[in-house]
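Heads up, the thing below is written out as structure tokens.
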Amino acid sequence: MSGPRVRFAPSPTGYFHVGSARTALFNWFIARQSADGVFLLRIEDTDAERNREEWVDGIISAMHWLGFVEDEGPFRQSDNTAAHDAAVTALLEAWYLYPCACTADEVQARKGDNKTPGYDGFCRDRAVPRGPGTALRFRTPREGATTVPDLIRGDVVTSNAVIEDFVVARSSGAALFALANVVDDRNDRITHVIRGEEHLPNTPKQILLWEALSAATGNVVQVPVYAHLPVLVNEQRKKLSKRRDPVAVESYRDQGYLPAAITNYLSLLGWSPRGDEEKVPLSTCIEQFRLEDVSHSPAFFDLKKMAHLNGEYIRELPLEEFLEASAPWVSPWASNWQPTDRTPPWTAADFDGDTWRRIAPLVQERVALLGDIVEMVDFFFLPVAPFDEAAFDKTIGRDENGQALLSNALEVFATVEWTAPTLHQATVALGESLGLNLRKAQAPLRCAVTGRTVGPPLFESLEYLGRDRTLTRIREALAKVAG
RNA sequence: GGUCCCAUCGUCUAGUGGCCUAGGACAUCACCCUCUCAAGGUGGAGGCACGGGUUCGAAUCCCGUUGGGACUGCCA
């Protein structure tokens, strides 16, 4: 007995959707659980109008970036049209299909008082000749029922009477998804079809097609077992949509999510590892994952939780890896990959790798996304600190103590030993002379030097910024008050 | 409307008839730590949709109600 053969079959109509990523992940789990499991990638690109070549590369590279690598493929569904055509012919000859000349409007009009849902089978017995304008419909059995063996939901039984005579081939002769997908799954010897819940309603049709193909061609292939994953929803509890919701894996990469955090988070949607720990390595998921344990109800895609997890993964990175991982955001010119929609506000000339390396450990424990680093360290590399006017007003502009503290700091800092601890002590003393605690005393200093009210620890920041630049910025802040 | 799927804290989930006074995580609140912000620590609030059964015993099984979702294309 050979291992499971699963496939991930995206349609290249856009960026790599997080819902697709989750489907790929669960498929990949099943493949990796067995030494001889196979994870196959098939690009379902038969709808030329909606597919774009650039999306294919994007989806594959995003998938690889997440860590899923296909064992077979990537195959193109469009390369299998000969097999699809042969299936259409076999099915037509075996009387499973019939030509239908109804237009979309006519089908719509006939829906009125029919008993079966959808198309009423008007052309089923009219012996319409096959020709231009005739689609091919499946002669759905009127009796009996079709059972979908679903590992997640159990057997799902649908009465054949409620399955319409669906279109299998366009009037152009080309097979539609329902058929093409089945033909390919048969040829690829797929054992487990793991896909989104939105496919559940058309699965009975596909099983009917599968069995018809076995009968018509004499090539009897075992129907796969199915697993329909609950959909991912937004805050309105609607299926995540490309149009409304931020779903592109590529955009999460741009923001600075780590692949491990994304896959770990995705594994938690509809499933959970044993025990109380949710932050688990993929190897643990592979060990423990069972389709039978997947939840039945839609899951909300919670960005806050994913960001939190990402922060945990960032914090546990060894410094060297953190430095390497953050390069696309802090020094993209020296990186082999860079986010598409953001570049640092500083230039390569103004960037100082040594300073970054020194402050990095303090930044590492403060960010949830790698993209957040930029705002936290920009004052080091920008010629002029990026002033937050409200903060300036509050801590310096309208605060005489703040101004006094800066004036005094100008003198003291001119000669004090330039290390974080001594700067710390000096600031405590500066504050005391004005009756300010350190919390109050650091505020104007921080604002003058970093332009912000929040940031990495101040005294280390001053040390790494250097005496000259610190004094200059204090002078500039004071000048700003005056004028 | 029709077909199908689903229902445990705000959210993701653990729970498969007694271990449940329902556990964890995110979010939230308080306190501690603290130069800001985070991180971390401690603690708190917060849930089995409702109604009937079955059973000695139900979050767990059955039925109904209500609520939500998916699908309903000559897209995939």
Side-chain angles (χ1 to χ4, degrees), chain A residues 9-13 44-47 49-51 77 100 102-104 107 111 116-118 133-137 148 150 152-153 156-159 161-164 166-174 176-178 180-181 195-204 228 230-231 233 235 237-239 265 268-279 293 295-309 311-312 315 362-368 372 376 395 420 423-424 427-428 431 437-443 445-447 450 452-461:
Chain A
S11 178
T13 56
E44 305 219 325
D45 57 350
T46 45
D47 184 358
E49 301 217 340
R50 304 199 323 158
N51 296 160
Q77 186 159 66
C100 169
C102 297
T103 63
V107 170
K111 274 186 180 177
T116 52
T134 61
L136 259 23
R137 288 183 181 270
V148 178
D150 191 295
I152 296 176
R153 292 153 210 279
V156 178
V157 182
T158 304
S159 165
V162 303
I163 303 175
E164 67 173 318
F166 54 98
V167 176
V168 167
R170 298 177 170 90
S171 37
S172 68
L176 251 15
F177 163 76
N181 186 259
R195 62 197 343 182
E197 187 185 6
E198 63 270 23
H199 288 290
L200 189 48
N202 67 47
T203 304
H228 288 96
V231 294
V233 298
E235 42 284 288
R237 303 218 60 92
K238 296 286 186 200
K239 187 170 76 159
Y265 176 65
L268 264 20
L269 261 19
W271 182 76
S272 68
R274 282 199 281 275
D276 283 343
E277 192 55 60
E278 290 189 330
K279 182 172 169 296
D293 294 336
S295 124
H296 299 182
S297 36
F300 171 61
F301 184 68
D302 186 353
L303 237 27
K304 280 192 176 152
K305 184 161 179 172
M306 183 162 81
H308 173 87
L309 241 198
E312 293 195 300
R315 269 171 256 128
L362 297 177
V363 173
Q364 184 177 5
E365 56 188 27
R366 286 175 167 73
V367 294
D372 291 347
M376 203 163 278
T395 60
L423 251 7
H424 184 144
T427 304
V428 169
N437 59 23
L438 186 54
R439 180 186 177 83
K440 283 288 190 187
Q442 60 88 37
L445 254 187
R446 178 183 295 279
C447 184
T450 74
R452 295 204 163 86
T453 57
V454 301
L458 182 61
F459 305 110
E460 282 79 0
S461 296

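Numbers restart at 1 for each chain; the letters A, B, ... are given by sequence-line order, proteins then strands.
Taking atom P in both B/A25 and B/G18, the straight-line distance is 24 Å, to the nearest Å. To the nearest whole angstrom, the two P atoms, one in B/C9 and one in B/G24, are 16 Å apart. Comparing B/A7 with B/A49, their C1' atoms are spaced 8 Å from each other, to the whole Å. Nucleotides B/C29 and B/G69, compared at atom P, are 29 Å apart to the nearest Å. Taking atom C1' in both B/C5 and B/G10, the straight-line distance is 24 Å, to the nearest Å.
Taking atom CD1 of A/Ile152 as the reference point, atom P of B/C5 lies 14 Å away to the nearest angstrom. Straight-line distance from the CG atom of A/Leu269 to the C1' atom of B/C12: 7 Å, rounded to whole Å. Taking atom CZ of residue A/Phe300 and atom P of nucleotide B/A27, one finds them 13 Å apart after rounding to whole Å. One can place NZ of A/Lys305 at 9 Å from P of B/C12, the figure rounded to the nearest angstrom. Here the C1' atom of nucleotide B/C6 and the CD atom of A/Glu197 are 7 Å apart, to the nearest Å. Atoms CZ (A/Arg195) and P (B/A70) sit 17 Å apart, rounded to a whole Å. Rounded to an integer number of Å, the gap from CD of A/Glu198 to P of B/C5 is 16 Å. The interatomic distance linking A/His424 (NE2) with B/U34 (P) rounds to 10 Å, in whole Å.
A/Glu44 comes within 4.0 angstrom of the backbone, heavy atoms only, and of no base. Counting non-hydrogen atoms under 4.0 angstrom, A/Pro230 reaches nothing in the nucleic acid. Within 4.0 Å (heavy atoms only), A/Gly173 reaches no atom of the nucleic acid at all. Nucleic acid contact for A/Glu460: base, since at least one base atom lies under 4.0 Å from a heavy atom of the residue. Counting any heavy atom pair closer than 4.0 Å across all strands shown, A/Phe459 reaches a base atom. As judged by a 4.0 angstrom heavy-atom cut-off over every strand, A/Cys102 is placed among the base-contacting residues. Residue A/Gly270 is classed as a sugar-phosphate contact, given heavy-atom separations below 4.0 Å to backbone atoms only. Contacts of A/His199 with the nucleic acid, taken as non-hydrogen atoms under 4.0 Å apart, include base atoms. Using a 4.0 Å heavy-atom criterion, one finds that A/Asn202 contacts the bases of the nucleic acid, with or without backbone contacts as well.
For the pair A/Arg274 and B/G24, the criterion of a side-chain N or O lying under 4.0 Å from OP1 or OP2 is not met. Side-chain nitrogen and oxygen atoms of A/Arg153 include none within less than 4.0 Å of the OP1 or OP2 phosphate oxygen of B/A70. Applying the 4.0 Å criterion to OP1 and OP2 of B/A25, one finds that A/Lys304 has every side-chain N and O outside that range. Residue A/Arg237 places no side-chain N or O under 4.0 Å from the OP1 or OP2 atom of B/G67. Considering only side-chain N and O atoms, A/Lys238 lies under 4.0 angstrom from the phosphate OP1 or OP2 of B/G69. Side-chain N/O atoms of A/Ser297 include none lying less than 4.0 angstrom from OP1 or OP2 on B/C5. In this model, the phosphate group of B/C26 is approached by a side-chain N or O of A/His308 to a distance below 4.0 Å at OP1 or OP2. Proximity of A/Arg439 to the phosphate of B/U34: no side-chain N or O atom is located under 4.0 Å from OP1 or OP2.
Closest to the side chain of A/Arg446, from the set B/C74, B/C35, B/U8, is B/C35. Looking at the side chain of A/Gln77, the nearest of the listed nucleotides B/A76, B/C74, B/U13 is B/A76. Proximity note for A/Val167 (side chain, C-beta onward) versus B/A39, B/A76, B/C74: the nearest is B/C74. Among the nucleotides B/U16, B/A70, B/A25, the one closest to any side-chain atom of A/Asp293 is B/U16. Of the listed nucleotides (B/C26, B/C35, B/G69), B/C35 has the atom at the smallest distance from the side chain of A/Leu458. Looking at the side chain of A/Ser171, the nearest of the listed nucleotides B/U11, B/C74, B/U8 is B/C74. Among B/C6, B/C4, B/A70, the nucleotide with an atom closest to any side-chain atom of A/Lys239 is B/A70. If you check B/G24, B/C4, B/C35 against the side chain of A/Pro457, the one that comes closest is B/C35. Set against B/C37, B/C71, B/C4, the side chain of A/Val156 has B/C4 as its closest nucleotide. Of all nucleotides listed (B/U36, B/C5, B/A39), B/A39 comes nearest to the side chain of A/Arg315.
Nearest heavy-atom pair, A/Gln442 versus A/Leu458, reported as atom, atom and distance to 0.1 Å: O-CD2, 3.7 Å.
Pairing for B/U34 is absent, with no Watson-Crick or G-U wobble pair whose two atom distances lie under 3.5 Å. Checking B/A25 for Watson-Crick or G-U wobble geometry (two distances, each under 3.5 Å) identifies B/U11 as its partner. Across all strands shown, B/U54 forms no Watson-Crick or G-U wobble pair with both key distances under 3.5 Å. Here B/C74 sits opposite no nucleotide as a Watson-Crick or G-U wobble pair (both hydrogen-bonding atom distances under 3.5 Å). Checking B/A49 for Watson-Crick or G-U wobble geometry (two distances, each under 3.5 Å) identifies B/U65 as its partner.
Open room surrounds NZ on A/Lys440; 12 or fewer heavy atoms of other groups in view lie less than 6.0 Å from it.
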If you apply the rule salt bridge (Lys or Arg N to Asp or Glu O under 4.0 Å), what do you find for A/Glu197 with A/Arg153, and how did you get there? CA-CA 10 Å; A/Glu197 187 185 6; A/Arg153 292 153 210 279; 3.7 Å; yes
